[in-house]
Amino acid sequence: MAPPDRYLLPPSSELAPLSDEKVKAVIALADNEGRRSNTYANLGMVCGTVSFLGCLGSYVYLVVQNHDAAAGVVLGTTVLAIIGRMIRGR
């Protein structure tokens, strides 16, 4: 198990007066918070991937069914949304 991130832990000067049991509890809480943050990020990536693949699938379906205008809107909206999120994420 990797140690918790340093930003989640208080400075060592604040931990010094605490008992060993309390220090272990603080480290366990920081580790739990880091794990939750990682899970949240991974879940977001999975949901984004599923949404993107769904949009691409609907694009292919619309093209096969000869709805070219609607397919262009679906693909154009998807691509523009992804580019916008990338720009905002920076």
Side-chain angles (χ1 to χ4, degrees):
M1 179 168 68
D5 293 330
R6 294 184 72 81
Y7 70 90
L8 293 174
L9 293 172
S12 59
S13 61
E14 291 181 14
L15 290 175
L18 299 176
S19 68
D20 287 342
E21 184 179 298
K22 289 183 181 179
V23 171
K24 287 180 184 177
V26 168
I27 292 173
L29 286 172
D31 186 44
N32 190 21
E33 180 61 31
R35 218 176 288 132
R36 264 194 241 144
S37 176
N38 191 21
T39 301
Y40 181 74
N42 288 339
L43 183 62
M45 290 295 288
V46 168
C47 289
T49 302
V50 168
S51 297
F52 178 70
L53 291 176
C55 288
L56 286 180
S58 64
Y59 166 75
V60 170
Y61 175 77
L62 289 170
V63 167
V64 169
Q65 297 299 322
N66 292 324
H67 296 289
D68 296 332
V73 169
V74 168
L75 186 63
T77 305
T78 303
V79 169
L80 289 177
I82 289 171
I83 291 171
R85 292 289 178 178
M86 288 175 145
I87 290 171
R88 272 187 257 151
R90 291 197 158 238

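What you see is a predicted model; the values in this text were computed from it and never measured.
Atom CD1 of Ile82 sits about 11.0 Å away from atom OG1 of Thr77, to the nearest 0.5 Å.
Sequence neighbours left out, not one pair with a member in residues 49-75 passes salt bridge (Lys or Arg N to Asp or Glu O under 4.0 Å).
The local environment of CD in Glu21 is sparse, with at most 12 non-hydrogen atoms from other residues, nucleotides or ligands closer than 6.0 Å.
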Kindly list each side-chain donor-acceptor pair under 3.5 angstrom involving residues 44-64, sequence neighbours excluded, with atom names and distances?
from	atom 1	to	atom 2	distance (Å)
Thr49	OG1	Met45	O	2.8
Ser51	OG	Cys47	O	3.0
Ser58	OG	Gly54	O	3.3
Ser58	OG	Cys55	O	2.8

